[in-house]
Amino acid sequence: VQLQASGGGLVQAGGSLRLSCAASGRTFPNYVVGWFRQAPGKEREFVVGISGNGASTIYGDSVKGRFTISRDNAKNTVYLEMKSLKPEDTADYYCAARRGGIRRGRNEYDYWGQGTLVTVSS
């Protein structure tokens, strides 16, 4: 499966953005999709994951209550709605896919899209 992330940009603190992760392939519903982010000088960290049918989600502690993940399998797309953004949310955001259950480890995902940069100004 090939992934392409989009929707990043510059936003003021307290603002919102919606990221999209578009996937190729007819077997997209078989894949868990995770969002990760990497700030300069930091390791890539898990943000949120969603199961293939969208019924299960796992959020990282730093984004709970502010970010919402969803997916539309008819469009082969996963969305990340980000609200109440903070300067510390500034990072390159990546979507990734794997078969099986949702995992937090970046090494457990087999397919990656390119990053989309989110910059939150104070």
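Computed from heavy atoms alone, side chains included, the values below leave out hydrogens, waters and symmetry copies. Note that this is a predicted model, so its numbers are computed, not measured.
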Colleague: Using 0.5 Å steps for rounding, measure from the OG atom of Ser16 to the CZ atom of Phe67.
Modeller: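 Rounded to the nearest 0.5 Å, the OG-CZ separation comes out at 9.5 Å.
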Colleague: Atom OG1 of Thr90 and atom CZ of Arg37: how far apart are they, to the nearest 0.5 Å?
Modeller: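 So the OG1 of Thr90 and the CZ of Arg37 are separated by 9.0 Å.
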Colleague: Please list, chain by chain and in numerical order, all residues satisfying salt bridge (charged side-chain N to carboxylate O under 4.0 Å, His left out) with Asp92, sequence neighbours excluded.
Modeller: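 By the salt bridge (charged side-chain N to carboxylate O under 4.0 Å, His left out) rule, Asp92 matches no residue at all.
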Colleague: What donor-acceptor contacts under 3.5 angstrom involve side-chain atoms of residues 74-84, with partners at least two apart or in another chain?
Modeller:
| from | atom 1 | to | atom 2 | distance (Å) |
| --- | --- | --- | --- | --- |
| Asn76 | ND2 | Ala23 | O | 3.3 |
| Asn76 | ND2 | Gly25 | O | 2.8 |
| Thr77 | OG1 | Lys75 | O | 2.8 |

Colleague: Give me the atom names and distance for the closest heavy-atom approach of Trp35 to Cys21.
Modeller: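 Taking every non-hydrogen atom into account, CZ2-CB, 3.6 Å.
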Colleague: What's the shortest heavy-atom distance between Tyr59 and Thr68, and which atoms?
Modeller: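 What the structure gives for the nearest pair is OH-CA, 3.3 Å.
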Colleague: How many angstroms lie between atom CD1 of Ile69 and atom OG1 of Thr57, to the nearest 0.5 angstrom?
Modeller: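 Result: 7.5 Å between the selected atoms.
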Colleague: Mind listing the side-chain donor-acceptor pairs of residues 110-122 below 3.5 Å, one per line with the distance, residues two or more places apart or on another chain?
Modeller:
| from | atom 1 | to | atom 2 | distance (Å) |
| --- | --- | --- | --- | --- |
| Trp112 | NE1 | Tyr109 | O | 3.3 |
| Gln114 | NE2 | Ala5 | O | 2.7 |
| Thr116 | OG1 | Gly8 | N | 3.0 |

Colleague: Under 6.0 Å from the ring centre and within 45 degrees of the ring axis: does the NZ or CZ of Arg71 meet both conditions for the six-membered ring of Phe28?
Modeller: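 That pair qualifies as a cation-pi contact.
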Colleague: Is there a chain of hydrophobic side chains (I, L, V, M, F, W, Y, each step under 4.5 Å between heavy atoms) that links Leu19 to Ile50?
Modeller: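 Same cluster.
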Colleague: Please determine whether a side-chain nitrogen of the Lys or Arg among Lys86 and Asp89 lies less than 4.0 Å from a carboxylate oxygen of the Asp or Glu.
Modeller: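 Not counted as a salt bridge, because no side-chain N and carboxylate O are separated by less than 4.0 Å.
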Colleague: Report the residues that fulfil salt bridge (charged side-chain N to carboxylate O under 4.0 Å, His left out) with Arg18, sequence neighbours left out, ordered by chain and then residue number.
Modeller: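 Salt bridge (charged side-chain N to carboxylate O under 4.0 Å, His left out) check on Arg18 returns nothing, list empty.
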Colleague: Mark yes or no for whether Asn30, through its side chain, and Arg99, through its backbone, hold a donor-acceptor pair below 3.5 Å.
Modeller: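 A pair under 3.5 Å: no.
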Colleague: Looking at residues at least two apart in the chain, or sitting in another chain, which of them share a side chain to side chain donor-acceptor pair (under 3.5 Å) with Arg98?
Modeller: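 Applying side chain to side chain donor-acceptor pair (under 3.5 Å) to Arg98 gives none.
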Colleague: Is there a path of hydrophobic side-chain contacts, each under 4.5 Å between heavy atoms, that joins Tyr93 and Ile102?
Modeller: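 No.
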Colleague: Decide whether Phe46 and Tyr94 are clustered together by the hydrophobic rule: side chain heavy atoms of Ile, Leu, Val, Met, Phe, Trp, Tyr closer than 4.5 Å, transitively.
Modeller: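 Yes, because Phe46 and Tyr94 connect within a single hydrophobic cluster, where side-chain heavy atoms sit under 4.5 Å apart.
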Colleague: Indicate the atoms forming the closest heavy-atom contact of Phe36 with Arg104, along with that distance.
Modeller: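 Reported closest heavy-atom pair: CE2-O, 3.5 Å.
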Colleague: Under 6.0 Å from the CD atom of Gln2, do we count more than 12 heavy atoms belonging to anything else shown?
Modeller: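 For Gln2, atom CD is not crowded (no more than 12 foreign heavy atoms under 6.0 Å).
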Colleague: Take a 6.0 Å sphere around CD of Glu88 and say whether it holds more than 12 heavy atoms from other residues, nucleotides or ligands.
Modeller: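 More than 12 within 6.0 Å, yes.
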Colleague: Glu108: which residues meet the salt bridge (charged side-chain N to carboxylate O under 4.0 Å, His left out) condition with it, sequence neighbours left out?
Modeller: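 Residues passing salt bridge (charged side-chain N to carboxylate O under 4.0 Å, His left out) with Glu108: Arg103.
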Colleague: Considering non-hydrogen atoms only, spot the tightest contact between Ala97 and Val1 and give its length.
Modeller: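 So the two residues come closest at CB-CG1, 4.2 Å.
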